[in-house]
**Student:** 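My questions will all concern the structure given below.
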Amino acid sequence: MTARHHFSRWIGAMAVITSMVHGVYAADVVNSANPAPGPGPNTDQIKRGEYLAKAADCIACHTVDPAKPFAGGYPLATPFGTIYGPNITPDKETGIGNWSDEDFVRALHEGIDDEGKHLYPAFPYASFTKLSRDDVLAIKAYLFSLPPIQQKTPENKLPFPLNQRWVLAGWNLFNFKPGELKPDTAKSPEWNRGMYLVEGLAHCQECHTPRNVTMGVDGKRAFGGAQLGGWTAFNITPDPVSGVGGWKDEELIQYLKTGLVPGKASAAGGMAEAVEHSLQYLNDDDLKAIVTYLRSVPAINDAADKKPRYAWGQPSDDDADLRCIAAVSVSNNASGGAELFSGNCASCHSASGSGVVGGYYPSLFSNSVVGARDPGNLLMVILNGVQRHGKDGEAFMPGFADHLNDAQIATLANYILKQYGHADAPTITPELVKTQRQGGPVSPLLTLLPVGLAVAALIVVFILFLLFGRRRRKPSP
């Protein structure tokens with residue numbers, strides 16, 4: 001239920017185009033002087049910082065090698081290239097060991113690093129700006145308590161001019177409002193804590209809120225669901241049909257803790273990673289506060305939704321019928337939908353599609369992924385599988401990207417949707433599978449980039465022409 005999902009953060013990088021469109025060419029950024037050092041962190045501050053760092057899921061984008069936590073190097077794929085999560089260990093050469101308190105606070109509150117350079121909004125400073133200074137410094141204290149790890153962050157692979165950080169000043173003008181979050185005194189302490197977690201620390205909007213034309217979050221449809229690199233971060237508003245209004249509070253808390261609620265949903269993709277790295281470590285009071293706040297946000301309904309995603313589907317006996325009349329292939333030679341299902345899915349999800357007791361292998365009906373109108377998440381699960389580590393064990397499903405071709409996956413997915421899922425879901429084509437295999441639809445902003453550059457160039461030429469013409473017309477003394 002957060003933005004930290006690796007597939008989600010690619011969307012932040014797309015924001016750099018906005019600055020091209022609006023003609024912003026420089027950022028007036030000056031390094032502030034480092035203050036005199038104060039007293040060092042204490043054990044309580046470090047412990048609190050560890051909890052806050054988990055709530056913010058810092059490890060997700062700053063760790064590529066589990067043996068080197070927070071040492072950076074994690075590739076964040078974007079439609080424009082690759083951005084690498086930096087080393088945030090206290091190493092003085094390749095990490096943030098030389099950062100002062102003010103440097104760290106400015107990075108989270110203003111999106112500017114220790115050298116005065118803009119950070120890409122793939123780092124969700126638009127949410128972290130809402131954190132209190134004390135909490136930001138507690139996170140820093142925790143990070144600085146860790147062993148320094150020397151590991152240089154790879155250079156981002158972005159084309160010109162997107163590799164020029166000053167262009168991010170344009171995006172900030174239209175999409176970034178700095179400032180700590182202020183409590184609403186008319187609301188309960190639990191609601192205010194939930195607002196702080198959802199809007200700031202856990203930065204849920206970064207994934208679950210659609211983007212506007214400038215690639216900032218669209219506040220008018222907050223938490224209404226968004227597309228993220230082939231995945232959909234679902235609507236989590238209290239609407240009973242399109243959102244999570246039909247979930248009990250206990251079910252939402254269970255989902256945040258474990259990623260699994262039999263008969264409702266099983267987390268995959270970025271949400272599975274959010275549960276694994278972050279949400280399962282939150283205490284019960286904070287989980288309840290998150291639910292309390294989400295219950296209060298404006299409900300968003302999509303008129304095309306006829307019933308909740310988890311309300312679609314029913315058991316099927318096709319597999320049992322098939323086994324009575326013919327041998328069933330377990331190889332990639334299978335062709336028909338029923339045969340593909342029997343050979344690749346039935347052994348775990350059962351012949352009827354009902355899964356197993358406890359939901360380790362979830363039911364395919366009463367399943368929010370299979371019951372979604374957009375089949376993107378279903379295809380991503382089939383292609384990439386599921387791996388979710390929890391306190392009580394691991395949930396695992398192998399991916400079939402290397403086992404089945406695009407046509408077979410399309411046939412299998414159409415069969416699953418017909419038997420267990422959304423009756424009105426569009427037919428899946430091999431071309432759609434290929435698109436999902438490559439990480440989802442290409443952003444339309446890619447086509448706007450050349451246009452934006454051309455317009456910017458024409459504006460510059462026009463201005464130069466006017467200036468030159470004015471100088472030529474200036475009368476001689």
**Student:** Would you name the heavy atoms of L287 and L279 that are closest together and state the gap between them?
**Tutor:** CD2-O, 3.9 Å
**Student:** Please check: side-chain N/O of H349 versus main-chain N/O of S354, any donor-acceptor pairing under 3.5 Å?
**Tutor:** no
**Student:** Check I149 against P69 and note the closest heavy-atom contact, atom names and distance.
**Tutor:** CD1-O, 3.8 Å
**Student:** Atom CG of L197 and atom NZ of K130: how far apart are they, to the nearest 0.5 Å?
**Tutor:** 12.5 Å
**Student:** Just wondering, are more than 12 heavy atoms of other shown residues or ligands nearer than 6.0 Å to NZ in K306?
**Tutor:** no
**Student:** E251 versus V244: any side-chain heavy-atom pair under 4.5 Å?
**Tutor:** no
**Student:** Checking Q280 side chain against H389 main chain: does a donor-acceptor pair fall under 3.5 Å?
**Tutor:** yes
**Student:** Is the side chain of Y51 donor-acceptor paired with the backbone N or O of N283 at a distance under 3.5 Å, no angle test?
**Tutor:** yes
**Student:** Can you see which heavy atom on F223 is nearest to which on C204, and at what distance?
**Tutor:** CE2-CB, 4.0 Å
**Student:** Can you check side chain to side chain donor-acceptor pair (under 3.5 Å) on N235 and S242, steps first, answer last?
**Tutor:** CA-CA 6 Å; N235 182 332; S242 299; 4.8 Å; no
**Student:** Check whether S342 reaches the backbone of A338 with its side chain - one donor and one acceptor, N or O, closer than 3.5 Å.
**Tutor:** no
**Student:** About how many Å separate CH2 of W247 and CG of L252, when rounded to the nearest 0.5 Å?
**Tutor:** 6.0 Å
**Student:** Is any side-chain heavy atom of V381 less than 4.5 Å from a side-chain heavy atom of W231?
**Tutor:** yes
**Student:** Could you check whether the rings of Y420 and F341 sit parallel, tilted or perpendicular, using 30° and 60° as the cut-offs?
**Tutor:** tilted
**Student:** Any carboxylate oxygen within less than 4.0 angstrom of a Lys/Arg side-chain nitrogen, looking at R193 and D286?
**Tutor:** yes
**Student:** Is there a side-chain contact (heavy atoms from CB on, under 4.5 Å) between L131 and Y196 once you walk through the steps?
**Tutor:** CA-CA 8 Å; L131 303 184; Y196 185 77; 3.7 Å; yes
**Student:** CE/M195 to CG/L201 distance, rounded to the nearest 0.5 angstrom?
**Tutor:** 13.0 Å
**Student:** Between K391 and E276, is there a side-chain N and carboxylate O pair less than 4.0 Å apart?
**Tutor:** no
**Student:** Determine whether a donor-acceptor pair (N or O, by modelled atom type, separation under 3.5 Å) exists between the side chain of T129 and the backbone of H109.
**Tutor:** yes
**Student:** Determine, step by step, whether L412 and I409 satisfy the side-chain contact (heavy atoms from CB on, under 4.5 Å) criterion, reporting the C-alpha distance in whole Å, the side-chain angles of both residues, the deciding distance to 0.1 Å, and the verdict.
**Tutor:** CA-CA 5 Å; L412 173 61; I409 290 178; 5.6 Å; no
**Student:** Do the non-hydrogen side-chain atoms of L143 and F104 ever get within less than 4.5 Å of each other?
**Tutor:** yes
**Student:** Is the backbone N or O of G337 less than 3.5 Å from a side-chain atom of N414, with the two atoms forming a donor-acceptor pair by type?
**Tutor:** no
**Student:** Spell out, as yes or no, whether a donor-acceptor pair under 3.5 Å connects the side chain of R388 to the backbone of A267.
**Tutor:** yes
**Student:** With a 4.5 Å cut-off on side-chain heavy atoms, are S266 and V386 touching?
**Tutor:** no
**Student:** Hey, could you give me the OG/CG distance between S368 and N377, rounded to the nearest 0.5 Å?
**Tutor:** 8.0 Å
**Student:** Run N175 and N212 through side-chain contact (heavy atoms from CB on, under 4.5 Å) and show every step you take.
**Tutor:** CA-CA 9 Å; N175 298 297; N212 58 31; 3.7 Å; yes
**Student:** Once you round to the nearest 0.5 Å, how far does OG1 of T63 lie from NZ of K68?
**Tutor:** 11.5 Å
**Student:** Between R165 and D113, does any NZ, NE, NH1 or NH2 come within less than 4.0 Å of an OD or OE carboxylate oxygen?
**Tutor:** no
**Student:** Look up atom CD1 in I416 and atom CG in L340, then write down how far apart they are to the nearest 0.5 Å.
**Tutor:** 9.5 Å
**Student:** Does the pair D424/R373 count as a salt bridge with the N-to-O cut at 4.0 Å?
**Tutor:** no
**Student:** Tell me if a side-chain donor or acceptor on T232 pairs with a main-chain N or O of F234 at a distance below 3.5 Å.
**Tutor:** no
**Student:** If you apply the rule side chain to side chain donor-acceptor pair (under 3.5 Å), what do you find for T237 with D239, and how did you get there?
**Tutor:** CA-CA 6 Å; T237 73; D239 185 82; 5.8 Å; no
**Student:** Are any non-hydrogen side-chain atoms of N156 and Y120 less than 4.5 angstrom apart?
**Tutor:** yes
**Student:** Without swapping roles, check the side chain of R221 against the backbone of I300 for a donor-acceptor pair under 3.5 Å.
**Tutor:** no
**Student:** Can you find a pair of side-chain heavy atoms, one from M397 and one from Y361, that are under 4.5 Å apart?
**Tutor:** no
**Student:** What are the two closest heavy atoms between A122 and I83, and how far apart are they?
**Tutor:** CB-CD1, 4.4 Å
**Student:** For the residue pair S127 and E206, what are the closest heavy atoms and their distance?
**Tutor:** OG-OE2, 2.9 Å
**Student:** Please check: side-chain N/O of E190 versus main-chain N/O of I290, any donor-acceptor pairing under 3.5 Å?
**Tutor:** no
**Student:** Assess the residue pair W312 and N367 against the criterion (side-chain contact (heavy atoms from CB on, under 4.5 Å)); give the C-alpha distance rounded to whole Å, side-chain angles, the decisive distance to 0.1 Å, and a yes or no.
**Tutor:** CA-CA 7 Å; W312 290 91; N367 184 308; over 6 Å; no
**Student:** Given side chains that start at C-beta, do those of Y142 and I46 come closer than 4.5 Å, heavy atoms only?
**Tutor:** yes
**Student:** More than 12 heavy atoms of other residues, nucleotides or ligands under 6.0 Å from NZ of K257: is that the case?
**Tutor:** no
**Student:** Testing the 3.5 Å rule here: is there a donor-acceptor pair between the side chains of Q151 and D65?
**Tutor:** no
**Student:** Looking only at heavy atoms, which two atoms of P430 and A410 are closest? And how far apart?
**Tutor:** N-CB, 3.9 Å
**Student:** Do H422 and V370 come within less than 4.5 Å of each other through their side chains, counting heavy atoms only?
**Tutor:** no
